[in-house]
Each structure stands twice: as structure tokens, then as C-alpha cells.
Protein chains: 2
Amino acid sequence: MKKDKHDCDLQTCMLCRLCIKEWLPAVDNHRKNFSLKKGQLLFREGDPVNGIYFIFSGTVKVHKHWGEEKELIVRFARKGDIVGHRGVGAEMMYPVSATALEPVTLCFIDLEFFQASLKVNHALLHELMMFYARELQESEKNMRNLVHMPVKARIAHALLTLRDKFGNTEDGAIDMTLGRQDLASFTGTTYETAFRVMSELIQENVIAVSGKSIAVLNAEKLQELEKL
Amino acid sequence: MKKDKHDCDLQTCMLCRLCIKEWLPAVDNHRKNFSLKKGQLLFREGDPVNGIYFIFSGTVKVHKHWGEEKELIVRFARKGDIVGHRGVGAEMMYPVSATALEPVTLCFIDLEFFQASLKVNHALLHELMMFYARELQESEKNMRNLVHMPVKARIAHALLTLRDKFGNTEDGAIDMTLGRQDLASFTGTTYETAFRVMSELIQENVIAVSGKSIAVLNAEKLQELEKL
DNA sequence: CGCACCCTTGAAAGAGATCAAAGGGAGTGG
DNA sequence: CCACTCCCTTTGATCTCTTTCAAGGGTGCG
């Protein structure tokens, strides 16, 4: 397999961070690069786990289903993030689904190799553990927010979080494509409610929207809204 | 420091599971045993992290606060469980509080020693990582439930979960003390609502309550309720 | 005995969800 | 180029579940 470089920032790319010296050469023989179109499924909740994924470009939503219609988006993954690590536990099936929100390029590392690496590579294991620890904290914070914050506050919070994570394009828009439906699923509400709240925020000149891109005009106001 | 044994079941006690051979002697020189009375705080959200705790007996609630009045119980810890590991991440403060629900005996291991152990003890690190992975899955499942399930279903689910975790006493009651307020905080609802739902369940002969102990009379019915 | 605190229940208010329907485009076929 | 359909957006109107408020009833304790 050829050793094709990916163009991640070393600071932020989990693959790079995990590729602590001794792992890098080995992993290059075990990773398989490929890409996904917008809307394509990376894996589905309940699928048997066969490996983990590192994203080189694009955005992926990680979501948990409820019945046929409803879902909750647990996390967005972007360039440099890992996806599928939630399958590493005891269960042999993914507890979540992952779907491309925009065209995605990534690499796949089969589980067997990854777990073998974990057994011998202490630094890798440590990095991964810390990563889990962070995600757990995140998750529980979100849980509390979902329970105690009203919808408007949750959406304000989500917008700030997303802006932090994805950054702004030069015209001030959050650098990701996010439909109303996904925003709703992320904030644990319905399409209509998410829509209405967004309309309010536009009226109040707190955000601006064109197409699927969202610009934060007044971050301070959003921070206030978060608190209620 | 003396090497006082604790009386956990080797199968279930995290300290035992983590005490993989080479660690056990070392840890005995670094742990400090003590006990808590009912209602006492083990540590508070925002406190600087100074170590982790292993529970020998009793029950602890791990909770996250919201404002002054509200909280969300993230998890219950019992004999054999770890508490305080959520502080291991990058932040130097606990993201949650821990409070004794009944008299608790436990041992404390200072963070410095624990982290040093993680650096050299691969099996320990691996066990801890898997533990985080499981907790993350749990957390995200709960998150979805909190968003999509109505209160009655959440309470039904909580009762089944608690029964699984704590088991039954010989008279069929769940082997833990759980006030209405804590049940409410655990299921993300208010005292009054939790109370009303419990009353319904009693009327429907699904559960029986005496004092603070709850007995599940009809688990199948609870499982049905979970689904709505 | 009386005060304080929690349990218990009722009634009202509110936030969101659900339902329903009108208003756009964008693509398709005539 | 227009008519038509399909699907997503938008908006209004209900409706339901929960929360909130409030007040009565126990019970333990000083």
C-alpha cells in the first residue's frame, strides 16, 4: 500500500497525534483511504464493528436513532477527527451511525490492527484514553444541557459550539453546512421548533443565514441566551 | 500504611480489576481508606482534582449541577465502582460532584500516583480506557433516552436499570435507597412529576413502595412502558 | 405545643410537539 | 416555454405533556 500523505494539521489531526513515532510506519501499511459522497452512510448503528476511521476532509455527523423517524446527533466530526472509536468497547457493534454531511475523504484502519497496536503502543493507548475521557465529559455536559436548557438556549449554545469547532469563513459564516433538520436533531428538538427559533434569532439580528450557511453576528447575545 | 483488605467481589471490583498483579503491592502503599456518612460530599463540581476513589461499600451519586436548585444525576456508583475518574482529563477540576446516598467506605488514591501508574502499567491503562469507552456509550444512550422518551418511560427504564445494577433484596426490593428527589434528578424531571408517575405505577401494580425502598412487581410491564 | 420540613394533591400556565396547509423552487415532460 | 409534480420551507393553530405554583396534611423535633 502506498504511503500517501494526508494534509492535516499536526496539531489537530487525531491520526497524527496518535501516530506517535513507532506507529506511523506500521499504520501506513494498514490504512485504506477512500471517500464518501454527501449523505452517504459510513456505518450504521448496530453494524458489526470492523475498524475505525480518520477524517481527512469534510464533515460527518454521528447520530443515534430512536424509532424510524427520530434521531439525536451526538457529535460532529471534521478534518482530523476519529469516527467509529465508540465501537471499541466490549460490544461488537457500533452504538451510533455516521453519515457524511458533505463530501468526505478519510482512511480506514481495521480493528484487528488497531487493537493490536493498542496492546503494544503505550502512547497510542494513553492518547486514546484521554480522548475518551474528554468525550465523556462533553457528553455529560451536553446531557445536562439537554435536560435543563430551553430550546433557544440550546440552539444558541450549539451555534457557539459549532463556530468554535469549525471556525468562520472569511465572510463570517460558520464553516460547515448544516440543515435545519440536523440542527434540530443536534439540539434535541423538532424541525419546526428549530426553524422558529432560528427565525427569531435572525429577527433579533443575532445571526444571519443564507442558504445552509449560518453567520454569527452577535456572539455576546448568544452567550446571554445560553444562560436561559 | 497497612495493607487492609477490602471485601469486594473480584469479578466486579474495579480496584481489583485494575490491580493487575504488579500494581497491587504498589497501590497498597498509596491508598488511604476512609468513610462517609449519608449525605456527605465526596467532592464538588469545580473542585481541583486530587485523586480518584474506589468504593468498598455503600452508594454514591455522581451529579452535575445547573444553577442553584437543579441537578442531573449522571450515574450511581456502588461497591466496586470508581468515582472521580472523570477528573483525569486535561482539566484540573472535577466536572461533576459526588455525594454519599448511604454510609460509604472507600479508598482514595492520589492523582499523582495514579497517573504515574498509568504511565508504566499497560494493563491498568487498557482497563481504564475500556471503562471510559463503556461509560461513553452509556452516557450517549442516556442522552438519547432523555431527549426522546416521555417521563414515564424514562422512569420505567431507570427502575429496570437500577434493579439490574443493584439487584434485589430477599423481599424483592431494589437494593438501594433512592428518594423521589434523586429519582427525579436521575430521570431529568421534577420532584412532583416523578412522584405522580410513581403513584401511577403503584396504582397499576407495577411496583410497590415502602419507605424509600422500591420493589418491581412486574418487570414485563416496565419494559413495555420503556418503549413509549 | 408549635414550628419546620417534606409529602401529597390540585389547578393553572407554558413550552414544545404535532398537525395541517400554504408557499416556493427545481427538475421533468409535454 | 409552460404546466405539473415533488419536496422542502414556512407559518398558523391546536394539543399535550410537564413544569410551576400553591395550599393542605403529616410527622418529627425542639
Side-chain angles (χ1 to χ4, degrees), chain A residues 38-39 61 65-73 99 101-102 143-158 177-204 207-214 225-228, chain B residues 38-39 65-73 99 101 143-158 177-204 207-214 225-228:
Chain A
K38 175 176 174 166
K61 67 172 175 180
H65 295 278
W66 182 251
E68 276 307 306
E69 295 289 299
K70 293 178 181 175
E71 64 170 12
L72 176 71
I73 294 180
T99 306
L101 288 180
E102 6 177 311
M143 202 162 142
R144 185 204 48 193
N145 293 347
L146 241 18
V147 170
H148 291 304
M149 285 168 46
V151 171
K152 192 164 184 180
R154 297 209 298 267
I155 288 189
H157 182 250
T177 325
L178 186 65
R180 294 280 189 287
Q181 180 57 64
D182 284 328
L183 183 61
S185 299
F186 187 49
T187 52
T189 187
T190 57
Y191 180 93
E192 290 93 326
T193 302
F195 177 84
R196 285 185 237 263
V197 171
M198 290 296 277
S199 300
E200 282 182 48
L201 291 175
I202 295 169
Q203 291 308 315
E204 296 164 7
I207 61 171
V209 172
S210 82
K212 296 222 166 189
S213 69
I214 304 169
L225 290 173
E226 265 190 310
K227 284 166 198 150
L228 297 170
Chain B
K38 175 176 174 167
H65 295 278
W66 182 252
E68 277 307 306
E69 295 289 300
K70 294 178 181 176
E71 64 170 11
L72 176 71
I73 294 180
T99 306
L101 290 181
M143 200 162 142
R144 183 204 51 192
N145 293 348
L146 242 17
V147 170
H148 290 305
M149 285 169 43
V151 171
K152 192 164 184 179
R154 298 209 297 269
I155 288 189
H157 182 251
T177 325
L178 185 65
R180 295 280 190 288
Q181 180 57 65
D182 285 327
L183 183 60
S185 299
F186 186 50
T187 51
T189 186
T190 57
Y191 180 93
E192 290 93 328
T193 302
F195 176 84
R196 285 184 237 263
V197 172
M198 290 295 277
S199 300
E200 283 182 46
L201 291 176
I202 294 169
Q203 292 308 317
E204 297 164 6
I207 61 170
V209 172
S210 81
K212 293 221 169 191
S213 70
I214 303 169
L225 290 173
E226 267 190 310
K227 285 167 197 150
L228 295 170

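Order of the sequence lines fixes the chain letters, A, B, ..., with proteins taken first and strands second; residue numbering starts at 1 for each chain.
The OH-P distance, from A/Y191 to C/dA20, rounds to 19 Å in whole Å. Protein atom CD1 of A/I155 is 15 Å distant from nucleotide atom P of C/dA15, rounded to whole Å. With rounding to whole Å, B/Q203 atom CD is found 12 Å from C/dT8 atom P. Rounded to an integer number of Å, the gap from B/E192 CD to C/dA13 C1' is 14 Å. Distance B/H148 NE2 to C/dG16 C1': 14 Å, rounded to the nearest Å. As a whole-Å value, the separation of B/I202 CD1 from C/dT9 C1' is 14 Å.
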How does each nucleotide of nucleotides 25-30 of chain D score, in 5' to 3' order, for protein heavy atoms under 4.0 Å: base (B), sugar-phosphate only (S), or none (-)?
------
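Put simply, the side chain of A/I214 reaches to within 4.5 Å of the side chain of A/M198, judged on heavy atoms. For the pair B/K212/B/L178, no side-chain contact is recorded, criterion being any heavy-atom separation below 4.5 Å from C-beta on. Put simply, the side chain of B/K152 reaches to within 4.5 Å of the side chain of B/L201, judged on heavy atoms. Using a 4.5 Å heavy-atom threshold, the side chains of A/W66 and B/M149 count as touching. Contact check for B/I73 versus B/E71: side-chain heavy atoms found under the 4.5 Å cut-off. Looking only at side-chain heavy atoms (C-beta outward), A/T177 and A/L101 stay at 4.5 Å or farther from each other. The shortest distance between side-chain heavy atoms of A/L72 and B/V147 falls below 4.5 Å. The shortest side-chain heavy-atom distance between B/R180 and B/V209 falls under the 4.5 Å cut-off.
Atom-to-atom distance recorded for B/E200:CD and B/I155:CD1 is 9.0 Å, nearest 0.5 angstrom. Going from atom OG of A/S185 over to atom NZ of A/K61 covers 6.0 Å, rounded to the nearest 0.5 Å.
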Taking N or O atoms only and anything under 3.5 Å, show me the protein contacts with nucleotides 15-18 of chain D, one pair per line.
unit_1: D/dT18; atom_1: OP1; unit_2: B/V151; atom_2: N; d: 2.8

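For the contact set between residues 194-201 of chain B and DNA chain D, defined by any heavy atom under 4.0 Å, the members are B/R196.
For A/K212, no side-chain nitrogen or oxygen approaches OP1 or OP2 of D/dC8 to under 4.0 Å.
No side-chain donor-acceptor contact under 3.5 Å links B/R154 to the backbone of B/N145.
Note on A/Q181: nothing from the nucleic acid sits closer than 4.0 angstrom, heavy atoms only.
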